[in-house]
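Single-structure report; data block below.
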Amino acid sequence: MKLSIVVPCYNEEATIPVFLSTVTPIVQSTGLDYEIIFVDDGSRDTTVATIVALSNLYSKVRLVELSRNFGKEAAMTAGFSYATGDAIIPMDCDLQDPPELIPEMIAKWKAGFKVVHAVRRSRQTDTWLKRITASAFYRMMEGITDVAIPPNCGDYRLMDRTVVNAILSFPERNRFMKGIMAAAGFKATQVEYDRPERAAGETKFNFWKLWNFALDGITGFSTVPLRIWTYIGAIVALFSFSYAGWIIIKTIVWGVVTPGFATLTSVILFLGGIQLIGIGVLGEYIGRIVAETKRRPLFLVGALYGFEDRNTVVQLDAASADRGAL
Ligand code: UDP
Ligand code: MG
């Protein structure tokens with residue numbers, strides 16, 4: 001039986017050496033055959049050179065070098081499509097996904113579970129803003145989607161080969177992996193952990209990236225934001241009818257009153273705002289429909305290292321281009 005560790009990397013030159021020196025002995029201790037597949041997501045630093053150099057020391061290291069930065073979700077998909085293991089574990093490169101959990105995950109996998117989530121016991125290491133926004137996001141997703149996305153669970157999990165094949169069969173370009181993995185289903189269990197700080201380097205996700213990531217998740221797995229406008233419109237219409245009735249009564253009883261400039265202005269601005277938000281929501285979905293219909297490859301592979309003879313560089317060929325296009 002073979003274990004594949006899939007590690008998306010974007011400008012991770014500082015963390016790769018410590019990642020390998022920490023993870024390798026733990027994986028070796030499981031007694032399984034293994035491979036560590038790094039996916040370079042268009043790094044601008046020496047990530048590729050670092051991995052290639054270290055592959056002389058660590059013979060199980062493989063590298064999929066993408067042609068540019070495609071984002072973590074696409075990089076993970078690339079890693080999954082090259083993984084050959086019976087169990088696959090996606091892991092961050094910064095050791096925030098503690099490798100000490102791997103033996104426990106494998107034990108649960110051997111006990112028959114197809115997915116073993118690593119769930120965070122607390123979010124102590126996050127800023128308060130991230131804590132609040134993350135919990136609001138998960139609560140909202142729970143309310144508006146049919147898939148059960150486990151809260152406080154990143155991408156760190158063990159997945160059986162059948163689950164990864166299922167994930168790879170999802171055709172969408174919008175790779176909101178947490179959602180896709182949840183939508184795949186299968187018999188799951190969990191292990192708990194405390195998330196440590198980043199080993200070195202700094203986070204690649206700023207607030208704007210996380211916001212767009214959340215939008216990908218919402219639009220990818222729910223149509224509630226689209227359908228809600230029927231009801232918002234109905235409520236506004238109902239309100240305006242009753243207000244019109246009140247004006248008629250008022251005019252009959254007290255006569256015509258001309259002032260009302262402020263009321264009129266605020267009502268017009270309010271409705272204008274509501275309509276623009278509605279159009280904006282439509283735009284979020286339509287923009288993604290455009291991206292889906294183009295059916296562009298999820299990722300493009302620039303080079304592969306270590307997949308055949310060690311240290312041989314397989315340049316982008318028809319076969320890898322095929323796999324890239326899934
Ligand atoms: N990452 C990536 N492509 C990107 C951004 C991030 O492959 O465009 C990788 C990154 O190298 C790391 C993992 O995704 O291995 C998680 O990133 P990070 O630690 O910055 O995120 P955080 O833990 O702060 O959420
Ligand atoms: Mg991190």
Side-chain angles (χ1 to χ4, degrees), residues 4-23 36-51 54 61-83 88-99 101-102 118-120 122-135 137-138 149 151-157 173-178 180-181 193-217 298-302 324:
S4 297
I5 308 273
V6 171
V7 195
C9 303
Y10 181 51
N11 297 341
E12 296 285 2
E13 59 183 7
T15 56
I16 287 158
V18 51
F19 176 86
L20 275 174
S21 63
T22 317
V23 171
I36 299 181
I37 300 183
F38 287 101
V39 183
D40 172 64
D41 189 14
S43 299
R44 289 156 197 275
D45 64 0
T46 62
T47 295
V48 169
T50 310
I51 295 170
L54 283 167
V61 166
R62 317 273 178 265
L63 170 63
V64 179
E65 187 186 347
L66 301 186
S67 62
R68 61 168 168 87
N69 181 262
F70 283 87
K72 186 187 174 187
E73 312 297 299
M76 267 197 292
T77 306
F80 291 160
S81 67
Y82 280 94
I88 289 104
I89 304 183
M91 276 177 96
D92 287 358
C93 197
D94 55 8
L95 290 176
Q96 283 194 294
D97 298 335
L101 294 180
I102 291 174
V119 178
R120 298 171 64 168
S122 74
R123 283 185 167 263
Q124 232 89 66
T125 49
D126 284 352
T127 60
W128 62 269
L129 185 66
K130 186 143 184 208
R131 273 205 292 265
I132 291 172
T133 48
S135 102
F137 175 72
Y138 283 114
I149 297 175
N152 300 325
C153 177
D155 297 314
Y156 189 28
R157 65 192 70 197
R173 310 290 103 176
N174 171 8
R175 305 305 286 187
F176 182 71
M177 274 302 192
K178 286 186 222 296
I180 293 177
M181 294 191 228
Y193 74 103
D194 291 312
R195 194 167 178 84
E197 301 279 0
R198 217 173 205 284
E202 53 195 45
T203 176
K204 311 296 182 296
F205 288 94
N206 55 30
F207 190 80
W208 184 242
K209 258 194 172 180
L210 284 173
W211 167 251
N212 282 305
F213 183 57
L215 289 183
D216 276 345
L298 286 177
F299 56 84
L300 290 169
V301 177

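Every number for a ligand or one of its atoms is a count from 1 in the order of the listing. From a predicted model like this one, the values you see are computed outputs, not experimental measurements.
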message: With a 4.5 Å cut-off on side-chain heavy atoms, are L66 and V39 touching?
response: yes
task: Quick one: pull up CG in L63 and CD1 in I16 and give me the separation to the nearest 0.5 Å.
output: 8.5 Å
Spacing of CD belonging to E197 relative to OG1 belonging to T203, to within rounding of 0.5 Å: 11.0 Å
message: Checking a contact table here: which protein heavy atom is nearest atom 23 (O) of ligand 1, and how many Å away?
response: Q96 OE1, 2.7 Å
- prompt: Between T77 and F70, is any pair of side-chain heavy atoms under 4.5 Å apart?
  reply: no
task: With heavy atoms only and a cut-off of under 4.0 Å, state how D94 meets ligand 1: side chain, backbone, both or neither.
output: side chain
query: What's the shortest distance from atom 17 (O) of ligand 1 to any protein heavy atom, and which residue and atom give it?
result: F205 CE1, 3.7 Å
task: Give the residue and atom name of whichever protein heavy atom lies nearest to atom 1 (N) of ligand 1, and the separation in Å to one decimal.
output: Y10 CB, 3.8 Å
task: Go through ligand 1 atom by atom and flag the ones less than 4.0 Å from a non-hydrogen atom of C9.
output: 7 (O), 11 (O)
field: Sub-4.5 Å side-chain heavy-atom contact between P98 and Y156
entry: yes
E73 side chain near D216 side chain, heavy-atom distance below 4.5 Å: no
task: Specify side chain, backbone, both or neither for K130, according to which of its non-hydrogen atoms lie closer than 4.0 Å to ligand 1.
output: side chain
task: Output the list of atoms in ligand 1 that are nearer than 4.0 Å to some heavy atom of R195, sorted by atom number.
output: 23 (O)
query: Is a salt bridge present between D155 and K72, judged by a nitrogen-to-oxygen distance below 4.0 Å?
result: yes
- prompt: Side chain or backbone of C93 under 4.0 Å from ligand 1, or both, or neither, by non-hydrogen atoms?
  reply: both
- request: Enumerate the atoms of ligand 1 whose separation from the nearest heavy atom of G71 is less than 4.0 angstrom.
  value: 3 (N), 8 (O)
Any N/O pair A75/ligand 1 closer than 3.5 Å: no
query: At a non-hydrogen distance cut-off of under 4.0 Å, which region of D41 contacts ligand 1 (side chain, backbone, both, or neither)?
result: side chain
- prompt: Angle class for the F38/F19 ring planes (parallel below 30°, perpendicular above 60°, tilted otherwise)?
  reply: perpendicular
task: Looking only at protein heavy atoms, identify the closest one to atom 22 (P) of ligand 1 and say how far it is in Å.
output: T203 OG1, 3.7 Å
- prompt: Are any of the side-chain nitrogens in R195 or D97 under 4.0 Å away from the carboxylate oxygens of its partner?
  reply: yes
query: Any sub-3.5 Å donor-acceptor pair from N11's side-chain atoms to R44's backbone N or O?
result: yes
- request: Record the part of K209 in heavy-atom contact with ligand 1 below 4.0 Å; permitted values are side chain, backbone, both and neither.
  value: side chain
- line: In ligand 1, the atoms that come under 4.0 Å of a heavy atom of N69 are 4 (C), 8 (O)
- prompt: Taking C-beta and beyond as the side chain, do I102 and I89 meet within less than 4.5 Å on heavy atoms?
  reply: yes
message: If I compare all heavy atoms of C93 with all of C9, which pair ends up nearest, and what's the gap?
response: SG-SG, 3.8 Å
- prompt: S43 versus E12: any side-chain heavy-atom pair under 4.5 Å?
  reply: no
query: Any side-chain donor-acceptor pair under 3.5 Å between T50 and E13?
result: no
query: Is ligand 1 under 4.0 Å from a heavy atom in the side chain of E73, in the backbone, in both, or in neither?
result: neither
task: Provide the tally of protein N/O/S atoms nearer than 2.8 Å to the Mg ion (ligand 2).
output: 2
query: Do any nitrogen or oxygen atoms of E202 come within less than 3.5 Å of a nitrogen or oxygen of ligand 1?
result: no
message: Among K204, R198, E12, which one puts a heavy atom closest to atom 6 (C) of ligand 1?
response: K204
query: Among all protein non-hydrogen atoms, which one is nearest to atom 9 (C) of ligand 1, and what is the separation to 0.1 Å?
result: P8 O, 3.6 Å
- request: Could you walk me through whether Y138 and I149 pass the side-chain contact (heavy atoms from CB on, under 4.5 Å) test, one step at a time?
  value: CA-CA 8 Å; Y138 283 114; I149 297 175; 3.9 Å; yes
- prompt: From K204 NZ over to R198 CZ, what is the distance, rounded to the nearest 0.5 angstrom?
  reply: 3.5 Å
- request: Record the part of N11 in heavy-atom contact with ligand 1 below 4.0 Å; permitted values are side chain, backbone, both and neither.
  value: neither
message: Return the closest protein heavy atom for atom 14 (O) of ligand 1 as residue, atom name and distance.
response: K72 CD, 3.3 Å
